[in-house]
Amino acid sequence: HNSTAQSQSLPLRHKQTKERRKELRMNEQAPDGKSGASQVDEHGDDDRSTDEFDGSVGSSTTHHNNNQRHHAHAKQGLAQSETTAVKYSKILIIIVLMAATGVVATFTYKYTKQQEEEDFHTRFEDVVSQIASVYEINAKTISDVYDSFSLQLTSHALNNDGWPNVIMPNYEAHAAHAIQQTGARSIGFATIVKPDERAEWEQYSRDNQGWKQKSFDYYDGNTRVATPVTNITAGSLFRPSESTSVQPGRDVYMPLAQFAPLEIGEVTINFDMLKLGFFPPVYDRMVRVKAAILSEVRNLDPVEGDYQFPESILVVPVFKDMKQRGEIVGVLSSALSWKNYFLNLMPEGLGTVALVITNTCNQTQSYLIDGPVVNYLGPDDFHDDQYDKYGIDASFNPFASEMECVHTLHFYPTEDFEDPFRDSKPIKYTIGAIAIFAVTAFVFIIYDCLVENRQTKVLTTAEKSSAIVSSLFPANVRDRLMDDADAVGGNTTMRSSFKSGESSSKGGGILSELRPKSMNNNNGLMDRIDAKSLGGIAQLASSPPIADLFPSASVLFADLVNFTKWSSCHEPTEVFALLETIYNSFDRMARRRNVFKVETIGDCYVAATGLPEQMPDHATVLANFAVDCTRKMPQLLNQVVKTLGGDDTLNLSIRIGIHSGPVTAGVLRGEKSRFQLFGDTVNTAARMESTGKSGCIHVSQATANLIIEHDLSGSLDITPRNELVEAKGKGSMQTFWVAKKS
């Protein structure tokens, strides 16, 4: 009667088992954190026995006849479906090839055009960066020249008559040198004279007017004779008139003491610069910031002759002492052309770059930079609008101080600059891509003809092979053989699974057993496991052992008390039902606590912390896990009693031992490879368990010390054991009981 009932239920059990196995394979990660393969390993023995038993029950002749009829009916359907599938596959492949040709050709053209555009843009950015660095060097050179000139004037005054009575000897030579370095049109020096110093200054300037003739004589072939120096004048710069009063709102004069080249400015000597229309605002700003000031742009519409480029007036303070931050006693003024900042910016042959300069004084000027040469285009924005998207802006402040107008530089490429980047390369690459796909399509057609001729032979052979296999094995055994072959084939992907930190649904069971969920992304011992070595010893000679030393870890042994006696009185299924109930619950608690389950040896549960992932509070974590286990144990036993019956199950209890110290851990490769722990710490933990008491957590001195150190919440109670423990191989040991504080 039992055999009949069991036989009737087997097909249903077999179907459920296959569906369960199929579900495990489809899920990359099972809900409890283990991989599908790991769960199959846990339940594999039961499934396997069911399948084998199913295959052995009933008449083998009946299975054989059914399979023959099945394959006889399927034979024609298989051939017809394969023919239809191949036909539509060919059509689909041709359509895909045509679509791919269009997509790749379009992509190739757009990509090469984009690369061409990026090369053009990158080259332009590089050129502008080079231009910026060079004009900054030019600006720094100009600034340094005027600062040096100012220091020379201060030094001369300190070593001679003092301010304001200062006339620099060889002024023309100093100025000519500065003009050569900066490209300035002229340089003038004006001293600041108070009203009560006016007469003294006028007399001093007349007494020392010999510098003027020396300035004329500085140039070879000069025949010009200097005119006498007059008193301080006003009026306009080139139409001076005698003036006896200071500029309204001012309390000083600023006569132009020296000027170079003198031949174009002799008439300006002793002219009061503060009565020059544009000069006072620039002077006031210079006095406020005590630094060089560049005025707004002048001569935006230059004429032929000396004024071919826009200019600004540069005003540089001359200080009373060498500190260069004290009282301003004089001024250097210079007519400085803007082109001088942008000379020699680029090497020849790179094309031209448009430069537009704007400022907050509503002034605009445009230049065309052509290698080392710069050309002025006019007082407006003359760049080509089609290159607006490539524009690069840069601030301009050559003297690192407040300017009368804030200037901004705008750089744009030109058609001349872009020409070298426009060629037929995109068209050539696109035609090449189309040709490759055309050749591919032709090869595919040839190959398809060969495959079609071969397909008939292969299909005939496959049908014969299928008939032979069906005649040798029942259907369920054949399916299981195919499943096992797939699982073995899946092992080839284990290496990538180890490296990516993911469990594979095929061949990945050992990984999920070797490390907890929190270790999936850590590099170390687990990442060095060779997938091939897990199945045998073929590579043991060519690869190093897989082992590490964990200097500080804790190991737990948990044993079921009275289990041996209990198991002798119960069926094997009941024994395994008990162990699965307890250990599955322990496993879930271990994952929550980040505890690493090592293995189960009979009724002994082995776990550890501090490995494979090291942690400073490993002893405290493992102790809390042990407390969880002892608290959960009564509930689990009651659950088993409700399921299996038998009050003697309540007589079971758990005894736990923990020890902390260095542990050697690794994988012993070969058949049925597994992760193992070695060392004195493991042995001592086993001694703690064997010498403990039922329902108690027994720990060593080392573990107790670590718990006291790291139990920051103070939730654990550490109680010394009254008597010393005699542990085999260890002698007398002081040990402790651990419990949760109430």
Enclosure of [X] [atom1] (heavy-atom neighbours >12, cutoff 6.0 Å):
{"X": "Glu723", "atom1": "CD", "result": "yes"}
{"X": "Phe576", "atom1": "CZ", "result": "no"}
{"X": "Phe444", "atom1": "CZ", "result": "yes"}

Over all atoms of both residues, closest heavy-atom pair of [X] and [Y]:
{"X": "His570", "Y": "Val575", "value": "O-CG2, 4.2 Å"}
{"X": "Pro612", "Y": "Phe550", "value": "O-CE2, 3.4 Å"}
{"X": "Ser660", "Y": "Leu706", "value": "CB-CD1, 3.6 Å"}
{"X": "Val595", "Y": "Ala607", "value": "CG1-CB, 3.8 Å"}
{"X": "Val663", "Y": "Ala553", "value": "CG2-CB, 4.1 Å"}

message = Apply side chain to side chain donor-acceptor pair (under 3.5 Å) to residues Asp119 and Gln115 and explain how you reach the verdict.
response = CA-CA 6 Å; Asp119 292 343; Gln115 286 298 112; 4.8 Å; no
inquiry  = Once salt bridge (charged side-chain N to carboxylate O under 4.0 Å, His left out) is applied, do any residues pair with Asp628, and if so which ones, sequence neighbours excluded?
reply    =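 For Asp628, the residues satisfying salt bridge (charged side-chain N to carboxylate O under 4.0 Å, His left out) (neighbours in sequence not counted) are Arg593.
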Check against side chain to side chain contact (heavy atoms under 4.5 Å, CB included), Val104 and Ile436 = CA-CA 10 Å; Val104 172; Ile436 291 174; over 6 Å; no
So which pairs with a foot in [range] pass ring-ring contact (aromatic ring centres under 6.0 Å, His included), sequence neighbours left out?
{"range": "residues 629-651", "answer": "none"}
{"range": "residues 611-656", "answer": "none"}
{"range": "residues 638-663", "answer": "none"}

Distance from [X] atom [atom1] to [Y] atom [atom2], nearest 0.5 Å?
{"X": "Leu578", "Y": "Thr573", "atom1": "CG", "atom2": "OG1", "answer": "11.5 Å"}
{"X": "His710", "Y": "Leu712", "atom1": "NE2", "atom2": "CG", "answer": "8.5 Å"}
{"X": "Phe563", "Y": "Leu652", "atom1": "CZ", "atom2": "CG", "answer": "8.0 Å"}
{"X": "Ile654", "Y": "Ile582", "atom1": "CD1", "atom2": "CD1", "answer": "7.5 Å"}
{"X": "Lys632", "Y": "Phe586", "atom1": "NZ", "atom2": "CZ", "answer": "10.0 Å"}
{"X": "Leu560", "Y": "Leu579", "atom1": "CG", "atom2": "CG", "answer": "6.5 Å"}

Can [X] and [Y] be counted as having a side-chain donor-acceptor contact under 3.5 angstrom?
{"X": "Asn651", "Y": "Lys565", "answer": "no"}
{"X": "Asp587", "Y": "Tyr605", "answer": "yes"}
{"X": "Gln635", "Y": "Gln639", "answer": "no"}
{"X": "Thr684", "Y": "Thr681", "answer": "no"}

Mind listing the side-chain donor-acceptor pairs of residues 690-699 below 3.5 Å, one per line with the distance, residues two or more places apart or on another chain?
from   : atom 1 : to     : atom 2 : distance (Å)
Ser690 : OG     : Ala686 : O      : 3.3
Ser690 : OG     : Arg687 : O      : 3.1
Thr691 : OG1    : Arg687 : O      : 2.6
Thr691 : OG1    : His698 : ND1    : 3.4
Ser694 : OG     : Ser653 : OG     : 2.2
His698 : ND1    : Met688 : O      : 2.8
His698 : NE2    : Arg721 : NH1    : 3.2
His698 : NE2    : Thr735 : OG1    : 2.6

ask   = Can a salt bridge be assigned to the pair Lys730 and Asp680 using a cut-off of 4.0 Å between side-chain N and carboxylate O?
value =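 Looking at Asp680 together with Lys730, the answer is yes, because their closest N to O distance falls below 4.0 Å.
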message = Per the salt bridge (Lys or Arg N to Asp or Glu O under 4.0 Å) rule, what does the pair list look like for residues 708-719, sequence neighbours excluded?
response =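 Matches after skipping sequence neighbours: none remain.
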request  = Output, in order, the C-alpha distance, side-chain angles, deciding distance and verdict of side chain to side chain contact (heavy atoms under 4.5 Å, CB included) for Thr703 and Phe736.
outcome  = CA-CA 9 Å; Thr703 303; Phe736 299 82; over 6 Å; no
request  = Measure the shortest side-chain to side-chain distance between Val738 and Ile718 over non-hydrogen atoms and say whether it is less than 4.5 angstrom.
outcome  = yes
key: Verdict with supporting geometry, Gln614 and Ser552, side chain to side chain contact (heavy atoms under 4.5 Å, CB included)   = CA-CA 8 Å; Gln614 299 185 28; Ser552 182; over 6 Å; no
